[in-house]
**Q** 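I have a structure here, written as structure tokens, and I will follow up with some questions on it.
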Amino acid sequence: MITALDKDRIRLRDQARELAQGPIRARAAEVDRTEQYPWDHVDAMKDAGFLGMTIPKAYGGQSKDWLDAVLVIEEMAKTCSIAGRIAVETNMGAVSAIMAYGSEEQRKLAADMVLSGDKPAICITEPDAGSDASGMTTRADKRGNRYVLNGKKHWITGGGVSRLHLIFAKIFDEQGNFEGVGGFLAIRDETQGLEIVKREPTMGLRGIPEAEVAFNDMELPPSALIMPPRGLKKGFADLMTAYNSQRVGAGTVALGIMEGAYELALDWTEEREQFGRPINEFQGVQWRLADMSIRIAAAQALIYKAAESGKDGFPDKIMAAQAKIYTSENAIQVVNEALQLFGARGYSRNLPLERMARDVRMFTIGGGTAEVLRNVVASGLLGKKLPQTRDGYMPKIEAAE
Ligand SMILES: Cc1cc2nc3c(=O)[nH]c(=O)nc-3n(C[C@H](O)[C@H](O)[C@H](O)COP(=O)(O)OP(=O)(O)OC[C@H]3O[C@@H](n4cnc5c(N)ncnc54)[C@H](O)[C@@H]3O)c2cc1C
């Protein structure tokens with residue numbers, strides 16, 4: 001059952017809408033064209049109190065729920081996907097893992113950085129470890145009073161603009177024994193050996209860099225390691241639990257994009273006349289609009305429900321996966337339908353539809369593909385682990401020097 005939005009939430013949503021429909025919308029096309037990270041959007045969202053809203057009050061945040069963040073992300077993404085993603089990554093994902101599992105010192109560091117405008121980068125994916133993230137080969141070797149990290153991550157959102165990095169690595173003790181997966185905090189430009197290698201030329205979402213990040217004998221003190229609640233052995237599972245918030249956030253960006261496209265199409269079908277009447281007087285157009293609105297309503301319900309499932313922790317794994325799958329797939333469909341309703345104009349770069357179509361395509365991929373998330377849902381429904389590896393398969397791990 002979804003809680004109806006109370007007065008405070010309606011006020012928050014309206015405040016976000018005003019910002020999104022004003023300065024954020026005005027620059028969205030330029031951000032895409034120039035492929036420059038929108039620091040002005042960051043400042044505007046910071047001034048509005050939309051960065052780090054979910055950070056506890058004790059660390060300077062507002063202790064807001066996931067649903068509050070969702071309302072802001074949804075409004076931002078209606079006009080600018082990049083602003084939506086900045087709202088995700090300053091409230092969910094890496095920052096939420098640090099707030100849940102980090103030491104006092106780590107929480108203070110992350111809160112201060114996010115509240116002053118840094119969007120943390122989360123570094124999980126590697127060239128040879130995508131859907132099979134547990135096959136990562138980035139390693140952290142204990143050497144006396146420090147860890148030495150070596151490895152490579154790619155498709156890291158914010159690589160080159162983000163300063164705080166949460167890096168997933170396999171940890172080995174002094175004797176070379178595998179201890180589990182941990183998350184390390186490192187600050188770009190303050191940590192030797194953290195290198196931004198190259199930026200990907202992406203299809204959409206061009207205002208935020210996707211980068212390859214390498215760690216070359218990067219030394220970190222033990223205080224940089226986030227100790228998962230159940231210890232290193234369960235470290236990967238615990239860190240991925242925090243990632244359920246990010247999945248709800250990614251689904252919300254897709255939701256916002258489809259709503260934005262639908263609203264444009266709704267207005268256009270009233271304005272555009274052919275055969276002497278507005279095109280929304282044709283039944284074919286009416287049914288298309290009706291189907292689009294049904295997809296949006298269902299997607300929104302799934303997202304809000306998944307957000308609410310995390311009232312006392314992180315969103316439920318299955319609900320987060322269901323919401324992201326449904327929303328990301330239907331958003332592609334709805335944006336495509338909206339573009340079609342604009343005829344030739346939809347195909348022009350003068351209108352935002354083509355940008356939305358490029359941007360929205362990402363969400364069935366990043367943050368867990370729709371296929372792999374179906375495995376997550378099925379595994380939960382069936383109540384058993386569904387191993388994807390062949391018997392006897394072991395990921396390659398480079399030996400420490
Ligand atoms: C714009 C963007 C931003 C991203 N940001 C980040 C980030 O900030 N940090 C980060 O760590 N990563 C990030 N990623 C990486 C993303 O999480 C991975 O791309 C994703 O997990 C899939 O991995 P892959 O690309 O290696 O695809 P692969 O794992 O190679 O998959 C290829 C295809 O095989 C399918 N497949 C694989 N295994 C199975 C299976 N068991 N069952 C059925 N189908 C399967 C997949 O669904 C897919 O269709 C980002 C990606 C994109 C596109």
Side-chain angles (χ1 to χ4, degrees), residues 32 35 37 77 81-82 84-86 88-97 118-138 151-170 181 183-184 186 188 194 196-215 236 239-240 242-247 249-251 253-254 257 320-321 324-325 328-329 331-332 355 358-379 385-390 393 395:
D32 176 65
E35 304 192 18
Y37 188 65
S81 323
I82 303 302
R85 291 189 83 203
I86 292 169
V88 173
E89 303 209 357
T90 51
N91 286 294
M92 297 162 160
V95 66
S96 66
D118 189 48
K119 179 214 87 57
I122 187 159
C123 306
I124 309 172
T125 308
E126 300 181 358
D128 292 328
S131 298
D132 179 16
S134 64
M136 71 181 74
T137 57
T138 294
K152 190 190 281 179
K153 303 284 180 181
H154 76 166
W155 286 92
I156 302 308
T157 303
V161 296
S162 299
R163 292 188 67 237
L164 185 62
H165 287 59
L166 171 61
I167 303 153
F168 285 37
K170 286 189 169 154
V181 173
F184 288 87
R188 181 176 57 84
L194 194 164
I196 307 298
V197 182
K198 62 167 184 187
R199 182 174 177 170
E200 291 294 338
T202 58
M203 171 181 173
L205 299 170
R206 294 184 184 175
I208 197 163
E210 301 296 338
E212 183 176 304
V213 183
F215 318 108
F236 187 59
L239 288 168
M240 289 313 283
Y243 204 66
N244 290 330
S245 62
Q246 180 103 353
R247 285 185 174 148
V253 179
I257 299 173
K324 182 167 179 289
I325 297 165
S328 58
E329 292 183 345
I332 293 172
R355 165 167 52 87
R358 283 185 285 108
D359 288 355
V360 81
R361 189 61 191 83
M362 196 284 284
F363 295 91
T364 58
I365 303 171
T369 67
E371 295 76 31
V372 166
L373 292 181
R374 280 186 167 83
N375 293 340
V376 170
V377 175
S379 170
K385 276 197 169 166
L386 305 174
Q388 303 293 307
T389 51
R390 288 183 188 162
Y393 168 83

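Start at 1 and go down the list; that is how both ligands and their atoms are numbered. For clarity, every value in this text was computed on a predicted model and none was experimentally measured.
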**Q** Check whether any N or O atom of Y243, backbone or side chain, sits under 3.5 Å from an N or O atom of ligand 1, and answer yes or no.
**A** no
**Q** May I ask you to identify, for T202, whether its side chain, its backbone, both or neither come under 4.0 Å of ligand 1 on a heavy-atom basis?
**A** neither
**Q** For R199, which residues count as a side chain to side chain donor-acceptor pair (under 3.5 Å) partner, sequence neighbours excluded?
**A** none
**Q** State whether K170 and E126 are salt-bridged, where the test is any N-O pair (Lys NZ or Arg NE/NH1/NH2 against Asp/Glu carboxylate O) under 4.0 Å.
**A** no
**Q** Atom 45 (C) of ligand 1: which of L386, V372, L205, D128 has the nearest heavy atom?
**A** V372
**Q** Heavy atoms only, cut-off 4.0 Å: how does T157 contact ligand 1, side chain, backbone, both, or neither?
**A** both
**Q** Mark up the atoms of ligand 1 that fall under 4.0 Å of a heavy atom belonging to T369, in ascending order.
**A** 22 (C), 46 (C), 47 (O)
**Q** According to ring-ring contact (aromatic ring centres under 6.0 Å, His included), who are the partners of F236, at least two apart in sequence or on a separate chain?
**A** none
**Q** May I ask you to check whether C123 has an N/O atom sitting below 3.5 Å from an N/O atom of ligand 1?
**A** no
**Q** Using only heavy-atom distances, determine whether the side chains of S162 and R188 contain a donor-acceptor pair under 3.5 Å.
**A** no
**Q** Return the option from G135, S131, P387 holding the heavy atom at the smallest distance from atom 27 (O) of ligand 1.
**A** S131
**Q** Suppose I only count heavy atoms of I124 and a 4.0 Å limit; which atoms of ligand 1 are within that range?
**A** 10 (C), 11 (O)
**Q** If you measure from each non-hydrogen atom of E210 to ligand 1, which part falls under 4.0 Å: side chain, backbone, both or neither?
**A** side chain
**Q** Tell me the contacting part of M203 for ligand 1: side chain, backbone, both, or neither, using a 4.0 Å heavy-atom threshold, strictly below.
**A** neither
**Q** Given H154, M136, M362, identify the one with the heavy atom nearest to atom 2 (C) of ligand 1.
**A** M362
